[in-house]
Amino acid sequence: MTVSTTTPPRSLDDPGLGDRYLRLVGDGDEYGAIEIVTALLDNGVPPARLMLDLIARTQRRVGELWATNDWSIAREHAATAISERALATVSARTPVRPTRGRITVACVDGEWHAVPVRIIGEILRLDGWRVDFLGANVPGPHLVTHLHQTGPDAVALSCMLATRLPRAHAAITACRSVGVPVIAGGPGFGPDGRWAHRLGADAWAAGAEGAVQRLARDWPPQIDDPYQTGFLGDDEYTYLVRHRGELVSTAVTRLTAAYPPMSGYSQRQHDSTVEDLGHVVDFLAAALYVADDLVFTDFVGWTARVLEARRVPPVALQIGLTLIRDQLRDFPSAVAILDAGVATLRE
Ligand code: B12
C-alpha cells in the first residue's frame, strides 16, 4: 500500500513515506516536502527522528542517485536546497532554551557537504547546547578567531572528504592550542574515526546521537599537549602537494595517447577527467598524510562505480593511476598506495 499524495503523513512508519518524500524533493516541490515535515511535527514525531530518519536518509539517497548518474548535479543541488529548507523548518518550530554549554559547529576548510553538519548542529541545539553554526568550508584561522570571540566549550568539526584531513589536522591543533577541545565526525575521518584519533581530536562520534552522548559525559576533557601530533606529512606528501598541477596536467596529456576514447571527449568530459585526476592526487596525498592505504582504496572503489555509471570503464581509471604512478617512481610509499588502488580496481 502507498500513501496517497494528498494524505498528510501521521508517523515516520507510514508506508511509502520515504519514497513519497524523495519524489517531492526530486521534483523540486519544496512546499510539498515542507508540508510533510510540518504534518509529522504536528503529529508529535520527535524532531531528532524526523531529521535523522527522513531528511538525512533522503539526502543519502539523493547523493546516491547522483553517483549512479540517475540524477543530474542540478537536480541534486535543488534537492539538497530543499533538505536545508526542511531542516530550517524543523529548527524554527522547535525552539529550545540552552541549558548546556556553547558549541561551535563547522565543516573543515574545503568541505562543502553542508547538510550532515547542519543536522549535527540542530540535534545538539535540541539537546540544550547553544550552537554557533558556521556551516561549510571554514578556514582554520577564521575558526580560531571565532573561538576567541565566543569562548565555546567544544568545537564539533565535520569532515566528509578524506582529502581534507591535513586541513582538519591543522584545525584540530589550532582549536586545542587555544584550549577548546574538538569532537570530530563524518566519513572523512575513516571507519570508527580512526584518522580523527590519529590527528589528535579529543573525541569522535559516528553520528548526531553519538555526539550528544559523548558530550554529555566527561566534557571538557583535559588538553595536555595540543601539539602532540605535529605535521604528519613527509617528503613524499610535500612533493605531491607542491607538484599537484604538474602531475595532473602531465597525466592528462599522456592519457589522450594511452586511452584513445579520450580524443573524442567533449570539453565537459575533458574537464571532468582533469577533476578526477586532481582527486586521485588529493586522495593519494591524504593517504600519505595519515599513512593508510584505505583512504585511497576506498576512493578508487567509489570513483570506479561513479565512472562506470557514466560509461567510463574501470580501465580508464587504471590508466590514470598508472600515469600518476609513472611520475612518482622515486616515491616508494606513493607507489605502494597507487598499486593498492590498482589492485582494488582489479578486484
Ligand atoms: C550528498 C553527497 C554529496 C553531494 C553534496 C551536497 C551538499 N551540498 O551537501 C554532492 C553530490 C555535491 C557531493 C559531492 C562530492 N562528494 Co559526496 N556524498 C554525498 C553522500 C551521498 C551523502 C552525504 C550526506 O549529505 N548525507 C546525509 C547525512 C545527513 O547523513 P550522514 O552522512 O549519515 O550524517 C551523519 C554523519 O556524517 C555524521 N557527521 C557528519 N559530520 C559530523 C561532525 C561531527 C562532529 C559528528 C560527531 C558527526 C558528524 O553525523 C551525521 C548525522 O548523524 C555521501 C555518501 C553517504 N552515503 O554518506 C557522499 C560522500 C560524502 N561524498 C564523497 C565524495 C568523494 C564526493 C566528491 C569528491 C565526488 C566527486 N568526485 O566530485 C564531491 C566533493 C564535494 C566537496 N568538495 O565537498 C565521498 C567521500 C569519501 C571520503 N571518505 O573521503 C562520500 C562518502 C561517498 C563515498 N562513499 O565515497 N556529495
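Both ligands and their constituent atoms are indexed starting at 1 by order of listing.
Within the structure, every pair that satisfies the salt bridge (charged side-chain N to carboxylate O under 4.0 Å, His left out) test and touches residues 163-174, not counting sequence neighbours, is listed here: Asp109-Arg167.
Listed by number with element, the atoms of ligand 1 under 4.0 Å from a non-hydrogen atom of Ala208 are 50 (O), 52 (C), 53 (O). Near Ile119, with a cut-off below 4.0 Å to any heavy atom, the atoms of ligand 1 are 29 (C). Which parts of ligand 1 touch Ala162 is read off a 4.0 Å heavy-atom cut-off, strictly below it: atoms 82 (C), 84 (O). Ligand-side atoms of ligand 1 in range of Ile183: 45 (C), range being under 4.0 angstrom from any heavy atom. Every atom of ligand 1 with a heavy atom of Ala156 under 4.0 Å away is listed here by number and element: 45 (C).
Taking all heavy atoms of Trp66, Trp71, Phe189, Trp112 into account, the minimum distance to atom 77 (N) of ligand 1 is reached by Trp112. Of the candidates Gly185, Ala206, Gly301, Ala206 brings a heavy atom nearest to atom 35 (C) of ligand 1. Here the shortest heavy-atom distance to atom 66 (C) of ligand 1, taken over Leu165, Asp298, Leu161, belongs to Leu161. Nearest-heavy-atom check against atom 47 (C) of ligand 1 across Ala67, Ala196, Pro191, Ala205 picks out Ala205. One option in Met160, Arg61, His279, His113 has a heavy atom closer to atom 80 (C) of ligand 1 than any other, and that option is Met160. Counting heavy atoms only, Pro187 comes closest to atom 83 (N) of ligand 1 of the residues Cys159, Pro187, Ala154, Ser158.
Nearest protein heavy-atom neighbour of atom 20 (C) of ligand 1: Gly63 CA, 4.4 Å. Closest protein heavy atom to atom 51 (C) of ligand 1: Ile120 CD1, 4.0 Å. Annotation: atom 28 (C) of ligand 1 to nearest protein heavy atom, Pro116 CG, 3.7 Å. Counting protein heavy atoms only, atom 65 (C) of ligand 1 is closest to Trp302 CZ3, 3.2 Å.
Under the side-chain hydrogen bond (donor to acceptor under 3.5 Å, both in side chains) criterion, Arg100 pairs with Asp127, sequence neighbours left out.
In this structure, atom 85 (C) of ligand 1 has its sub-4.0 angstrom surroundings free of protein heavy atoms.
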